[in-house]
Amino acid sequence: MLNKITPLFVCLCASVFAQAPIGTLEGQITDPASAVISNAEVTVRQTQTGFERTVHSSRQGVFHFPDLPIGNYRLAIKADGFAPYSASSIRVGIGQVVSWPVRLEIAGSHSEVLVTGEAVTVDTSQTIGNVISERQAVDLP
């Protein structure tokens with residue numbers, strides 16, 4: 001009996017964890033020649049609450065912000081020899097992993113790169129859906 005309950009318990013715990021109101025923002029920073037930029041200072045700030053977190057990009061130019069409360073974020077990046085970068089209206093949803101690639105411009109060629117507007121994000125989380133037949137589609141109201 002215990003062996004039958006354990007998988008159910010594990011499954012229930014996993015589904016509760018998956019519903020936490022958090023998401024992830026990540027990306028890779030490159031220069032105009034597509035070379036990675038390491039040790040860049042990357043800051044995210046939630047526009048509604050002012051919540052802020054800062055990391056430095058890895059050797060591969062990657063930044064990663066796990067467990068962000070859901071909401072809209074502003075991303076700011078600074079790196080030696082490059083123009084500051086800023087993007088706003090980045091939406092992080094529940095369980096969503098938002099990939100945000102960044103290309104920095106060489107300092108002097110531009111004073112600052114500012115990206116605004118609603119971004120298109122790719123939700124890589126699992127969803128539940130149904131496939132309907134052609135006949136069912138025709139019969140829809």
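Quick note: numbers below take in every heavy atom, side chains included, and nothing from hydrogens, waters or symmetry partners.
- Contact of the I90 side chain with the V98 side chain is registered, since non-hydrogen atoms from C-beta on lie closer than 4.5 Å.
- Between L75 and Y85 the shortest side-chain heavy-atom distance falls below 4.5 Å.
- The distance from the CZ atom of R91 to the CG atom of L25 is 13.0 Å, given to the nearest 0.5 Å.
- Inter-residue side-chain proximity for V102 and F63 is flagged as met; some heavy-atom pair is nearer than 4.5 Å.
- The salt bridge (charged side-chain N to carboxylate O under 4.0 Å, His left out) check on R45 picks up E52, with sequence neighbours excluded.
- Taking the side chain as every heavy atom from C-beta outward, S57 and I29 approach each other to under 4.5 Å.
- Counting heavy atoms from C-beta on, the side chains of V42 and H56 never come closer than 4.5 Å.
- Residue I77 comes nearest to A40 through the heavy atom pair CG2-CB, 4.0 Å, listed as atom of the first residue, atom of the second, then distance.
- Residues passing the side chain to side chain donor-acceptor pair (under 3.5 Å) test with Q60 are S58, sequence neighbours excluded.
- Here the side chains of I106 and P32 are in contact, with some heavy-atom distance below 4.5 Å.
- No side-chain heavy atom of L68 sits less than 4.5 Å from a side-chain heavy atom of I22.
- Closest approach of D67 to R53, counting heavy atoms only: O-NH2, 3.6 Å.
- Listed by chain and residue number, nothing satisfies the side chain to side chain donor-acceptor pair (under 3.5 Å) test with E41 (two or more places apart in sequence, or in another chain).
- Of the candidates V44, T43, T54, F65 forms a side chain to side chain contact (heavy atoms under 4.5 Å, CB included) with just one, namely V44.
- At least one side-chain heavy atom of Y73 sits under 4.5 Å from a side-chain heavy atom of F51.
- Within the structure, side-chain hydrogen bond (donor to acceptor under 3.5 Å, both in side chains) pairs that include any residue of residues 21-40 comprise E26-H64, S34-R103 (at least two apart or interchain).
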